[in-house]
Amino acid sequence: MAVKLFTNKDVADLLRRVSTVYTINDDSTFRIQAYERASVSIEHLNGEIKDIWEEGKLEEIPGVGKGIANYLDELLRTGKVKHFEKLFKKIPEAVFIFERIQGIGPKKAYSLATNLKITSGKDAVDKLKKAAKTEKIREIEGFGEASEIDILSGIEAYLRGETEEKRLLLFEADMMASEIIDYLKSNNDILEANPLGSLRRMLSTIGDIDISVSTNNPKSTIDHFVKYPKIKQVLSKGEETLVRVILFNGKQIDLRISKPESYGSMLQYFTGSKQHNINLRNYAIKKGLSLSEYGITLAQNAKRKTQNDSEKLKIFRDEVGFYNELGLQWIPPELREGGGEIAAAENKQLPNLVEVMDIKGDLHLHSDFSIEPSHDLGMSSIDVMVKTAIELKYEYLGFTEHNPSVSKHTKDNIINLLKRKKDFIEQYKYSQGNKLPIKILNGLEIDISPKGQLAIPDNGYQYIDYAIVSIHSSLDTPKEEMTKRVLSGLSNTKAKILGHPTGRLLGEREGYQLDWDLVFDFCVKNNKFIEISSWPNRLDLPDYLVKDAVKYNVKLIINTDSHEVSQMLFMKYGVSVARRGWAERKNIINTLPYKELAGILL
DNA sequence: GCCGTTTTCGGCCCGACTGTTTTCAGTCG
């Protein structure tokens, strides 16, 4: 049994420290990278390292082999790794603090800590700041006035907490990037502008924002970009390929610039993911080709054989040409995660991913019609939301206010409230005559109580068309019990949809555990649907579970959970989650025309 | 230290940028 509870982050940090020490010691770069890789891989694990260890599956983690697995086993058994302790002995604790400051890596951190005699981690940053202010750093070999100033501004950012990996929600990053892209496009020399990296792949959270542009005039592009009003500081500025800036909100933006004729190669290269590109490179090597951000060349070993025509770099205006050259279908960015997409593209078996245009309705909306709900009431009227849905060319939408609070109402009160809402919707439809080009459904979002009961009386169901059931309380219920609770809630005939199924809140809480095999199986057998919530800090069901659900043939529904009319536009984020989970139109029930949807929902 | 449709050895990404250099090292992605 574990002596101490190690989280994934603890273990990732430990391995990163090891790679730091090896870097300082000028050890093999490959060993350094190996620890780095293992660290990243463990940090991004879906499950807990402790569970994986208990199942004896450490070596199944990518980047973890026999060596590191043995060390981790020692760590989780005894609470420490003797070999690592020995390595750390020679390194001042302050080094591991300093290297978290922007612009300081392992070697500079070590040089600073030893030369300034700052050893303990406590107050290390304050001491470093004092050294910078008293111009002690510029006296150290390898540093100068400029780097002293850099370090000072790095320290200030660090002290403001900006270096902590506060990831943005997808929607925040998307807003910021769109604004920058609009600004960039106001310059006529900029022909194309797109996000790169995790934003282009539509991950649920985003670290840094990278943006690419194609232009024949890099100089004008760079001059234009650095005048963007929200830039606080230009970190670095190249001649024609890269500009790196910090905005006033502390976020770093990298702008990558390319000629139009090779824009495709660059877009591909910097969209990633890292794992996708590694796999793609290995796949290319087998064909004797070598990939880079500039295009495709014959690989080194192939070059020698055919020296005559080998040096030529093949460049690509767009990504389609790039992938086709490798004998692959173009792979949508959302799939580029190293999850079998290259093999699928080779066999022309990539899924035909669902698109925003396919969505024909939103079935999770909270209007401002008060039924004295248990949770927050919506802020927009039914009428406004209906009008917006019509603009979005939806065929149907469903209002699912929270059930009336149980503690504040008698059963009769609840029934009356449900009746009132049903009447209101009927009247609304009547008042619009036959000119409404959209079907309006009267739903309800119902709490599943800790005991698995739904929070309205049995005779209330006749007043609603369908129910979304979801967990809003007792989130720490253990997995097995929580699974029973959810299945019990879903057993009601009107309960068709499991709302925000993991309960996670990005950056706030993990959510509860469910036995997904049981839940998926239940849904397939009983005609129940699992929601993908487009709500920016939910995006729940998460992408990796969508992928499992699709394999299980579970039907999903993408909803916005809007509490205000403008939030209905968040649909695209839910769709991106579905796409990242390899979902096609057929997997998503709100792509169906109304008649077919009604057949399975009502 | 990891990894494997040309496997148990011999590969493993490297280019852009900056600052302190006088030809390069460190950091970053």
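Chain A is the first sequence line, chain B the second, and so forth, proteins listed ahead of strands; every chain is numbered from 1.
- Distances shorter than 4.0 Å separate none of the side-chain N or O atoms of A:Y269 from OP1 or OP2 on B:dA16.
- Nucleic acid contact class of A:E145 (heavy atoms, under 4.0 Å, all strands): sugar-phosphate only.
- For the side chain to side chain donor-acceptor pair (under 3.5 Å) test with A:R201, the passing option among A:H276, A:E334, A:E337 is A:E337; the others fail.
- Along DNA chain B, the nucleotide nearest A:E148 and the nucleotide nearest A:K66 are compared for position; the residue whose nucleotide lies closer to the 5' end is A:K66.
- Counting any heavy atom pair closer than 4.0 Å across all strands shown, A:D208 reaches sugar-phosphate atoms only and no base atom.
- A:R138 forms no cation-pi arrangement with A:F143, by the criterion of a distance under 6.0 Å to the ring centre and an angle within 45° of the ring axis.
- Contact check, A:R37 against B:dC2: no side-chain N or O comes under 4.0 Å of OP1 or OP2.
- Mapping A:L242 and A:G63 onto DNA chain B by nearest heavy atom places A:G63 at the nucleotide closer to the 5' end.
- For B:dA16, the OP1/OP2 oxygens have no side-chain nitrogen or oxygen of A:S236 closer than 4.0 Å.
- Among B:dG1, B:dG26, B:dG19, the nucleotide with an atom closest to any side-chain atom of A:Y22 is B:dG1.
- We find that CZ of A:R256 is positioned 12 Å from C1' of B:dC14, with the value rounded to whole Å.
- Within 4.0 Å of A:I104, counting heavy atoms only, lie sugar-phosphate atoms of the nucleic acid but no base atom.
- Within the 4.0 angstrom heavy-atom criterion, no nucleotide atom of any strand lies near A:Y110.
- Salt bridge A:E36/A:R31: absent, no basic N to carboxylate O contact under 4.0 Å.
- At a threshold of 4.0 angstrom between heavy atoms, the contacts of A:Q252 are confined to the sugar-phosphate backbone, with no base atom among them.
- Between B:dG1 and B:dT8, the distance separating the two C1' atoms is 15 Å to the nearest Å.
- The nucleotide whose nearest atom lies closest to any side-chain atom of A:R244 is, among B:dC2, B:dA16, B:dG29, B:dG29.
- Among B:dT20, B:dG1, B:dC13, the nucleotide with an atom closest to any side-chain atom of A:S28 is B:dG1.
- Within the nucleic acid shown, A:F143 comes within 4.0 Å of sugar-phosphate atoms alone, with no base atom in reach, counting heavy atoms only.
- Ring planes of A:F84 and A:Y35: perpendicular class, angle over 60° (limits at 30 and 60°).
- For B:dG26, neither phosphate oxygen OP1 nor OP2 lies less than 4.0 angstrom from any side-chain nitrogen or oxygen of A:K108.
- Taking the six-membered ring for Trp and the full ring otherwise, A:F88 and A:F96 have centroids separated by under 6.0 Å.
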